[in-house]
2 protein chains.
Amino acid sequence: MLLISAVNAILRQLSANQSMSEVKHNTLEPLGSLSMTDRVENILREYFKENGLIPGDSLPNEMEISQKLNVGRNVVREALSRLRMLGMIETRPRRGMIMAQPDLLAGIEKVLNPLLLSQDNLKDIFELRLILEMGISEFLFARKTDKNLNELEAVVSKQKDAVVVSREEEVAFHGKLYEMTGNDTFKRFQNLLMPVFEHVFTEYYNKGIHHNIPNPVTHHDLFICLKQGTPDEFRKAMYKHLEVYFDTITGR
Amino acid sequence: MLLISAVNAILRQLSANQSMSEVKHNTLEPLGSLSMTDRVENILREYFKENGLIPGDSLPNEMEISQKLNVGRNVVREALSRLRMLGMIETRPRRGMIMAQPDLLAGIEKVLNPLLLSQDNLKDIFELRLILEMGISEFLFARKTDKNLNELEAVVSKQKDAVVVSREEEVAFHGKLYEMTGNDTFKRFQNLLMPVFEHVFTEYYNKGIHHNIPNPVTHHDLFICLKQGTPDEFRKAMYKHLEVYFDTITGR
DNA sequence: TTAATAAATTTGTCCTACAAATGAAATTAA
DNA sequence: TTAATTTCATTTGTAGGACAAATTTATTAA
């Protein structure tokens, strides 16, 4: 029933493939030749949008879908399995499937394997972190509270004025900053990027292209600046703090 | 063969579930009870990492995996289907499966349906765009070229000093900026965020909370600033340009 | 009317089967 | 012997059947 409104579009999409077995190897297929599973996945996602489904809405059962689309239940299940992975749908035993709130970062999370990503992607992620760190000033100052600042102080007090801090301390400090933006997605996103960032930089650093930064800005300096300064001052300090990284992008 | 090194760990993980049919409803299962497909998906991703597989490496075939893991081929195929969607693996007919370079943003792309995302997620995305726009200055100035600037000029020349520009012009201008960062992932990421950003803002705007910005900074102003100014000046101009959005986050 | 029981529905899992595709092997021709 | 062609074997993609578990719904009993 639920699928009725989409049947026409679906049939249109599938009709070209109905007599697949005869033509598949005759027609010169475009590079992006899609499997049935790919197509069903796309059809379902479009169907969700077209029909304005929202979390909680129930979906037709697997058999109904597979019959309407004229594909095997296996194909439908593979497509649904993908959507389930992304958090778009949930199945409650016997109650059938319902729409859910997808996890925005689930897809990226699973894919963040430095060995698999292209060099370009790795470089992009490296830079993305720098962009983000430079962009959070306004949010930090708009949302800093005494409580937040005290917690941040607790983090930096362990590091004193150290120029070189451990990986854990680095993550603790910047992680706390991300948290203070009040943006959970941003925080999670940054935390995902961090290991990749380090992976890229270590690789780069091991190539022996080092620069000594004259007057390094420590975490403690940043803290003071966040407490007493302005967004612009903080950003300038952050730039200084990250200068060794920024140096890598200007080709120096 | 390829799976041998992982078999022990795998068996350990699966052994608790071998006699599933008898115990499933007796033992109080933790909330995050995983399906076989979920577990196989995790096992495979771990296996990729543990064994340091890189793009091009070939994988065991489906039967081998399903036998080694002692699950049905369907379960294995559902897990593989997920990984294929993320671009982690590819299958070449008859040659079997090989590792591939995953598409970093494929997962997010599929999930960006404003009707499904939580209000929190939508707000986060909205803010993320602002963070990114504020963070790109250094990259723009590091990578601007005469060619780039000319292309940007072509975009703004169509808009003159207009304060209100169409959706297309908005996308064209800012999209060009993202492009000029020289970071393809960033550009793609921003372009994904844009529609969501607009969706959130329109919703917000329709609630009638408007502010007149005294001296609006136009796209043309930004262009001039990028051409002749400094990163800091450009960022200040960008803040002004986006002020109507920033106003929404300070609770005004 | 309420409680207990039976039936029906739907997902998760396993299994079998087979077409298509293609690399490898075998066979044939020069 | 070598080259070309044919045959064979392997692996994925797809279809479809079967059944257990779980839970909603319907039915029956008190």
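Chain identifiers are assigned alphabetically (A, B, ...) following the order of the sequence lines, protein sequences preceding nucleic acid strands; residue numbering begins at 1 within each chain.
Note on the helix from C:dT1-D:dA30 to C:dA30-D:dT1: angle between the axes of the first and last five pairs equals 30°, rounded to 10 degrees.
Here the side chain of B:Met97 is nearest to one of D:dT12, C:dT11, C:dC14, namely D:dT12. Comparing atom distances between the B:Val71 side chain and each of D:dT12, D:dA15, C:dC14 picks out C:dC14 as nearest.
Atom CD1 of B:Ile98 and atom C1' of D:dT11 are 14 Å apart (whole Å). One interatomic measurement links the two molecules: CG of A:Asn61 to C1' of D:dT24, which rounds to 14 Å at whole-angstrom precision. Put simply, CG on A:Leu69 is 13 Å from P on D:dT14, counting in whole angstrom units. Between the C1' atom of C:dT13 and the CG atom of B:Asn70 lies a distance of 12 Å, rounded to the nearest Å. Summarising the geometry, the separation between CD on A:Glu62 and C1' on D:dC19 is reported as 15 Å, rounded to the nearest angstrom. One can place CZ of A:Arg92 at 16 Å from C1' of C:dT9, the figure rounded to the nearest angstrom. Atom-to-atom, CD1 of B:Ile65 to C1' of C:dT13 comes out at 17 Å; the value is rounded to the nearest Å. Atom CG of A:Leu34 is separated from atom C1' of D:dT14 by 16 Å (rounded to the nearest Å).
Between B:Asp103 and B:Arg188 there is a salt bridge, since a side-chain N of the basic residue sits under 4.0 Å from a carboxylate O of the acidic one. Salt bridge present: A:Arg77 and A:Glu62 bring a charged side-chain N and a carboxylate O closer than 4.0 Å. A:Glu127 has a carboxylate O that lies under 4.0 Å from a charged side-chain N of B:Arg143, or vice versa, which qualifies the two as a salt bridge. In this structure, A:Asp38 pairs ionically with A:Arg82, as a charged nitrogen and a carboxylate oxygen lie closer than 4.0 Å. Between A:Glu179 and A:Lys176, at least one side-chain N (NZ, or NE/NH1/NH2) sits under 4.0 Å from a carboxylate O, which counts as a salt bridge.
In terms of phosphate contacts, A:Thr37 brings a side-chain nitrogen or oxygen within less than 4.0 Å of OP1 or OP2 of D:dT14. Applying the 4.0 Å criterion to OP1 and OP2 of D:dG13, one finds that B:Thr91 has a side-chain N or O inside that range.
Across all strands shown, A:Asn74 has heavy atoms under 4.0 Å from base atoms, whether or not it also approaches the sugar-phosphate. Across all strands shown, B:Met63 has no heavy atoms under 4.0 Å from either base or sugar-phosphate atoms. B:Arg73 comes within contact range of at least one nucleobase, with a heavy-atom separation under 4.0 Å.
At a non-hydrogen distance threshold of 4.0 Å, nothing from residues 77-86 of chain B comes into contact with DNA chain C.
Separating the CG atom in A:Leu152 from the CE atom in A:Met180 is a distance of 5.5 Å, to the nearest 0.5 Å.
A donor atom on one side chain and an acceptor atom on the other are not found under 3.5 Å apart for A:His174 and A:Gln190.
The six-membered or imidazole ring of B:Phe189 lies away from that of B:Tyr178, with a centre-to-centre distance of 6.0 Å or more. Taking the six-membered ring for Trp, B:Phe197 and B:Tyr245 have ring centres closer than 6.0 Å.
Ring geometry for B:Phe126 against B:Phe201 counts as parallel: the plane angle stays under 30°, on a 0 to 90° scale with 60° as the upper cut.
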